[in-house]
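Note on naming: letters A, B, ... go to the chains in the order of the sequence lines (proteins, then strands), and numbering restarts at 1 for each one.
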Protein chains: 2
Amino acid sequence: MENAIQKFQNRGMRPSIQRAKILQYLLDKRNHPTVDLIYQELLPELPTLSRTTVYNTLDAFCENGLAIHLDFGEGFLRYDADTTPHSHFFCKCCQKVFDLEIPPEDIASKLPKGFVIQESQLYAFGVCEECNKAKL
Amino acid sequence: MENAIQKFQNRGMRPSIQRAKILQYLLDKRNHPTVDLIYQELLPELPTLSRTTVYNTLDAFCENGLAIHLDFGEGFLRYDADTTPHSHFFCKCCQKVFDLEIPPEDIASKLPKGFVIQESQLYAFGVCEECNKAKL
DNA sequence: GTTGTTTGTTGTAATGATTACAATATAAAA
DNA sequence: TTTTATATTGTAATCATTACAACAAACAAC
């Protein structure tokens, strides 16, 4: 079981207090936080923390497979250190995000009791035929 | 077959040149345009057009079921007047959006030849159990 | 360890899409 | 018409994110 420092070093990232605390925050809280929430909640422990550091750190996590970002069209991103394939449910009422232990395929059927889907959208990203040809 | 003016009147929207041209643009081009593209391309025909009008108009279209907005995480939205259930494919190489005549379920299988999916994400929006209870 | 090099952190200043707002204009209702 | 409601327009905010430069901490070579 990798600890935080090993996770960083194995990916060529230098360990730092900031990175360790932010990763620990994501793993402990599992609350799909925004940059600002992370910043506000870690400020007591890390009084010199900068918002820019939170941005940089989360970008580095995403680039190195330690986190993913979630875009629910709120105008800002959320982050999740659970990188296993699973889905998310965004409540339009309370703005909370719920984990669904379902691969992005067969949603809608097996929702938790009481949850109602109003809208769902699948975003597919990749490379189109023309661009694939151009790369040859 | 409703014409543009009827479409507006049937939904309690007042017809205007701006609205008619913007709707026509979406229906003719089917290019999943951004606000700015619409603005730039219609400026020659509508020299007094304001960006704010494009924003307002597209918001009104979305509220009244004449269009949907697409968020591919580019930092701006795209719009589509095709409101039938279908999916989209965003090419990370050329930034173009392709229509897929597939309901958001079974992507990945029947992609057009030559297209490669690198990443896909299903966004589910709705109301959670707690909020549904609170509404009683 | 010490020195030099690379990488990370911080704060402030841009950027850029979107929204707020107030003035004007146009459409519908009376 | 006259009045009332809604649209359009331009400018000024807003706000998440990014760019940048100074400083600091980690790593490598000696």
> On DNA chain D, reading 5' to 3', which nucleotide is the first and which the last to sit with an atom under 4.0 Å from a heavy atom of chain B, could you check?
D/dA5 to D/dT11
> Measure NE2/B/H69 against P/C/dT18 and give the value in whole Å, please.
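Roughly 10 Å, once rounded to whole Å.
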> Is there a donor-acceptor pair under 3.5 Å between the side chain of B/R30 and the backbone N or O of B/L26?
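Flag not set: sc B/R30 to bb B/L26 has no pair under 3.5 Å.
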> C/dT10, C/dA28, C/dT18: which one has an atom nearest the side-chain heavy atoms of A/L49?
C/dT10
> Hey, does the side chain of B/T34 come within less than 4.0 Å of C/dA17's phosphate (OP1/OP2), counting only N and O?
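For C/dA17, OP1/OP2 do not have a side-chain N/O of B/T34 under 4.0 Å.
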> What side-chain donor-acceptor pairs closer than 3.5 Å can you find for residues 56-69 of chain A, not counting sequence neighbours?
| unit_1 | atom_1 | unit_2 | atom_2 | d |
| --- | --- | --- | --- | --- |
| A/N56 | ND2 | A/T52 | O | 3.4 |
| A/T57 | OG1 | A/T53 | O | 2.7 |
| A/N64 | ND2 | A/A60 | O | 2.8 |

> Quick check on the helix from C/dG1-D/dC30 to C/dA30-D/dT1: what's the angle between its two end axes, five base pairs per end, to the nearest 10°?
30°
> From CD1 of A/I17 over to C1' of C/dG8, roughly how many Å is that when rounded to an integer?
13 Å
> Are A/Q40 and A/R51 close enough, and set up right, to give a side chain to side chain contact (heavy atoms under 4.5 Å, CB included), and what steps lead you there?
CA-CA 9 Å; A/Q40 297 297 344; A/R51 237 178 277 266; 4.1 Å; yes
> Taking atom types as modelled, find out whether A/D36 and A/T34 have a side-chain donor-acceptor pair closer than 3.5 angstrom.
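The criterion, which ignores hydrogens and geometry beyond distance, is not satisfied for A/T34 and A/D36.
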> With nearest nucleotides of DNA chain D determined for B/P15 and B/Y39 from heavy-atom distances, which residue corresponds to the more 5′ nucleotide?
B/P15
> With the side chain of B/R14 defined as its heavy atoms from C-beta on, choose the nearest nucleotide among C/dT9, C/dA27, C/dA17.
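Shortest atom-to-atom distance from the side chain points to C/dA27.
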> To the nearest 0.5 Å, how far apart are CD in B/Q24 and CG in B/D28?
5.0 Å
> Return the CG to CG distance between A/N31 and A/L37, rounded to the nearest 0.5 Å.
6.0 Å
> For A/F90 and A/F72, take the angle between the two ring planes, folded into 0 to 90°, and tell me which bin it lands in: parallel under 30, tilted 30 to 60, perpendicular over 60.
parallel
> Select base, sugar-phosphate, or nothing to describe what B/S16 touches, counting heavy atoms under 4.0 Å on all strands.
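Sugar-phosphate, backbone atoms only, no base.
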> Looking only at side-chain N and O atoms, does B/Q9 come under 4.0 Å of OP1 or OP2 in C/dA27?
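So the side-chain polar atoms of B/Q9 never come under 4.0 Å of the phosphate oxygens OP1 or OP2 of C/dA27.
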> What is the separation between atom CD on A/Q18 and atom C1' on C/dG8, rounded to the nearest whole Å?
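Atom CD in A/Q18 sits about 8 Å away from atom C1' in C/dG8.
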> Select one nucleotide: of C/dT19, C/dA28, C/dT10, the one nearest the side-chain heavy atoms of A/S50.
C/dT10
> For B/R19 and B/P47, find the nucleotide of DNA chain D closest to each by heavy atoms; which residue's nucleotide sits nearer the 5' end?
B/R19
> Is A/T52 close enough to C/dT9 that one of its side-chain N or O atoms is under 4.0 Å from OP1 or OP2 there?
no
> Rounding to a whole Å, what distance do you find between B/F76:CZ and C/dT15:P?
18 Å
> Given A/D80 and A/H86, is the side chain to side chain contact (heavy atoms under 4.5 Å, CB included) satisfied, shown in steps?
CA-CA 11 Å; A/D80 188 353; A/H86 65 291; 3.1 Å; yes
> Answer with base, sugar-phosphate or nothing: what part of the nucleic acid does B/Y55 contact at a heavy-atom distance below 4.0 Å?
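Answer is base: heavy atoms of B/Y55 come under 4.0 Å of a base.
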> Starting from C1' on C/dA13, measure out to CZ on A/R51 and report it in whole angstrom.
15 Å
> As an exercise, state the distance from CD of B/Q118 to CZ of A/F125, rounded to the nearest 0.5 Å.
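Result: 10.5 Å between the selected atoms.
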> Between CG of B/L43 and CD1 of B/I38, what distance do you get to the nearest 0.5 Å?
13.0 Å
> Does B/L77 or B/N56 map to a spot on DNA chain C nearer the 5' end, using the closest nucleotide for each?
B/L77
